[in-house]
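This report refers to the structure that appears directly beneath it.
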Amino acid sequence: MFGAGYARVLEAGRPLLNAARKSGEVQVDLTLEQILDLIASIAKIPGADTYRKPILDAALRGLSSDSKAQ
């Protein structure tokens with residue numbers, strides 16, 4: 001999709017996501033690629049940043065391991 005830049009993001013992001021999973025901060029049911037696709041999709045929503053930010057915040061909260069308990 002984005003070539004070498006995307007590959008570098010994946011290479012840098014995987015250890016961070018794995019550490020967050022091991023610490024129990026993040027759910028284990030999504031891949032890094034799925035999380036990045038989620039963020040990219042939200043970024044494509046038309047409108048001001050103030051419109052998209054609450055949507056992104058809600059999506060990121062949903063990745064938290066705490067959200068499974070709710």
Side-chain angles (χ1 to χ4, degrees):
M1 175 170 154
F2 296 109
Y6 186 70
R8 285 195 307 259
V9 168
L10 292 175
E11 183 180 332
R14 280 197 178 98
L16 298 171
L17 180 57
N18 288 335
R21 285 177 175 154
K22 286 180 185 175
S23 72
E25 292 295 317
V26 175
Q27 296 178 36
V28 297
D29 55 349
L30 291 176
T31 66
L32 180 58
E33 291 85 353
Q34 290 171 316
I35 294 168
L36 293 173
D37 285 343
L38 173 68
I39 293 167
S41 297
I42 293 169
K44 293 178 185 177
I45 296 172
D49 289 346
T50 54
Y51 179 77
R52 287 185 299 272
K53 184 166 182 342
I55 299 168
L56 178 61
D57 290 344
L60 293 177
R61 275 193 310 272
L63 295 175
S64 167
S65 60
D66 292 341
S67 68
K68 289 246 182 192
Q70 295 177 0

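Both L63 and V9 are part of a single hydrophobic cluster, where members link through side-chain heavy atoms under 4.5 Å apart. Cluster membership for I39 and I55, using ILVMFWY side-chain heavy atoms within less than 4.5 angstrom, is shared. Under the 4.5 Å side-chain heavy-atom criterion for Ile, Leu, Val, Met, Phe, Trp and Tyr, L16 and L38 are members of distinct hydrophobic clusters.
T31 has its side chain out of reach of I35: every pair of non-hydrogen atoms, C-beta onward, lies at least 4.5 Å apart.
Shown here for R21 and Q27, the closest heavy-atom pair between the two residues is NE-O, 3.8 Å. The nearest pair of heavy atoms linking L32 to G13 is CD2-C, 3.6 Å.
Expressed to the nearest 0.5 Å, how far CD1 of I45 lies from CG of L56 amounts to 9.0 Å. L17 CG to L30 CG: the interatomic distance, rounded to the nearest 0.5 Å, is 9.0 Å.
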**Request:** Quick one: do K53 and D57 satisfy salt bridge (Lys or Arg N to Asp or Glu O under 4.0 Å)? Show the steps, please.
**Result:** CA-CA 6 Å; K53 184 166 182 342; D57 290 344; 2.9 Å; yes

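The salt bridge (Lys or Arg N to Asp or Glu O under 4.0 Å) analysis of residues 8-19, with sequence neighbours excluded, yields the pairs R14-E33.
In this structure, R52 contributes its side chain and P46 its backbone to no donor-acceptor pair below 3.5 Å.
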